[in-house]
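First up is the structure itself, then whatever we jot down about it.
As the structure is a computational prediction, the values presented were derived from the model and not from experiment. Each ligand, and each atom within it, is numbered from 1 in the order the structure gives. Computation of the quantities below employed the complete heavy-atom set of this structure, encompassing side-chain atoms and omitting hydrogens, waters and symmetry-equivalent molecules.
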Amino acid sequence: MPIPVVWSPETRRHEPMREVWVGVPTDGTELPERVDRILDGLGNQPRVEAVVHGDEVLRRVHAEAFVDHLRTVHAEWLAGPYDDLVGQDRVAPYVFPTPAMTQGMPLTRATATHGRAGQFGYDTMTLVGPGTWEAARAAVDCALTAVDLVTNGAESTAYALCRPPGHHATRDGYGGSCYLNNAAIAAQALRDADAGRVTVVDLDAHHGNGTQAIFWERDDVRYGSVHVDPGAGWFPHFFGHAHESGSGQGAGATRNLPLEEGSEDAAWLDAVRELAQFADGTDALVVSLGVDAAAEDPESPLQVTADGYAAAGRLLGSLGVPAVVVQEGGYHLDTLGGLVAAYLGGHEQGSNG
Ligand SMILES: [Zn+2]
């Protein structure tokens, strides 16, 4: 059975416009066109349009104040003086109440929209514009619809074409081009549907610090990731090191396999194999499928091929458990769709034994 592709036209509504990286405005690469390039690459797979879901699972993963902020902040920005003051319509933070500022003191809610922006957004690259909330919320519906397909027994595996991606979004905030954590929401929904233990395997070139943070102290959802070594200077810098393995009840339930810059299929697949072993015995699987580890991708120095992605799919598919594959990064428009197709083809093959 070909793996169904759950998508929503609403996910095209977020336009990043620009990112501000080390003080320099650069063009955003997380473009709406990604949706169409992936759909083109998956031309032979059946398509399912996402069904709108309520906020119950979303609010189990993300804090209410953060969700409310993301939903309303762009309208608030438009109603303020910002278009005149700064000449642009994107919500962009400039002050961040990190511990360097707060020093353990309780925060008072910032009244200014441009002040509050830095409480929920943790970098300068992830701007909120018209349609950002709608697209991010639709991506959550894609993930939840994919979960429905596997939990109601209609499918053993479903793919959610989520855009914007989600694995950098934490319980309380957004960053790294991610707003709502689609993979974490899928994992929580699988748990709520009675999967005893869920494992998230993250193949994106970057560490999924948001997903790791959300499940850091839990043992019912395990998190394993292969990614370019943040210690070599890559986002998210502060997280994704091999020594991070969870805490409290979640001690040992996080596994990080950072790779050297320039790593090719062999090293990457060794890590994927280790993650498949880490996931062994799980009742359900969520794959955070970033294809930005590919050689052509402009956002990372890893050198994985389409054959590598297909082999990763076979490894994870052969676990033989219900799986929801969630789209994360992948920015090289000409090869993006083929890489996703390669992974899904491999996963399908692996799950057929
Ligand atoms: Zn990435």
Side-chain angles (χ1 to χ4, degrees), residues 11 14 16 19 21 26-35 37-38 122-127 135-136 139 143 159-170 173-184 186 200-214 223-241 244 256-263 267-268 271-272 275 286-306 308-309 312 325-333 335-337 339-340 342-343:
T11 61
H14 165 64
E19 302 173 346
W21 189 69
T26 57
D27 290 339
T29 54
E30 202 286 285
L31 301 170
E33 194 182 347
R34 295 178 65 242
V35 175
R37 295 300 189 105
I38 294 172
Y122 66 73
D123 66 29
T124 59
M125 306 188 306
T126 313
L127 311 187
Y159 165 71
L161 204 180
C162 296
R163 183 213 168 243
H167 72 154
H168 296 304
T170 65
Y174 62 91
S177 300
C178 299
Y179 299 89
L180 296 171
N181 197 315
N182 309 304
V200 181
V201 172
D202 192 329
L203 302 180
D204 191 276
H206 306 97
H207 176 250
N209 59 297
T211 314
Q212 173 171 299
I214 287 164
Y223 176 74
S225 177
V226 53
H227 46 266
V228 62
D229 186 2
W234 291 88
F235 191 88
H237 300 280
F238 301 97
F239 301 105
H241 305 91
E244 297 160 28
N256 283 306
L257 302 174
L259 295 181
E260 284 177 21
E261 295 177 338
S263 293
W268 189 74
V272 176
L275 294 177
V286 174
V287 180
S288 267
L289 180 62
V291 292
D292 48 1
E296 300 83 0
D297 199 278
E299 300 289 335
S300 106
L302 299 180
Q303 302 289 317
V304 178
T305 66
Y309 272 102
V325 180
V326 173
Q327 186 64 44
E328 301 285 0
Y331 306 99
H332 186 252
L333 293 172
T335 57
L336 179 55
L339 291 161
V340 175
Y343 177 85

In terms of side-chain heavy atoms, does [X] have a donor or acceptor partner in [Y] at a distance below 3.5 Å?
X	Y	answer
Asn209	His207	no
Asp297	His332	no
Asp292	His206	yes
Asp202	Gln212	no

task = Please report the C-alpha distance between His168 and Tyr174 in whole Å, then the side-chain angles of each, then the deciding distance to 0.1 Å, and finally whether the side-chain contact (heavy atoms from CB on, under 4.5 Å) criterion is met.
result = CA-CA 7 Å; His168 296 304; Tyr174 62 91; over 6 Å; no

query = Excluding waters, how many protein N/O/S atoms sit closer than 2.8 Å to the Zn ion (ligand 1)?
reply =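 Protein N, O or S neighbours of the Zn ion (ligand 1) under 2.8 Å, waters not counted, come to 3.
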
ask   = When you look at Val228 and Glu261, which way does the side-chain contact (heavy atoms from CB on, under 4.5 Å) test go after all the steps?
value = CA-CA 6 Å; Val228 62; Glu261 295 177 338; 4.2 Å; yes

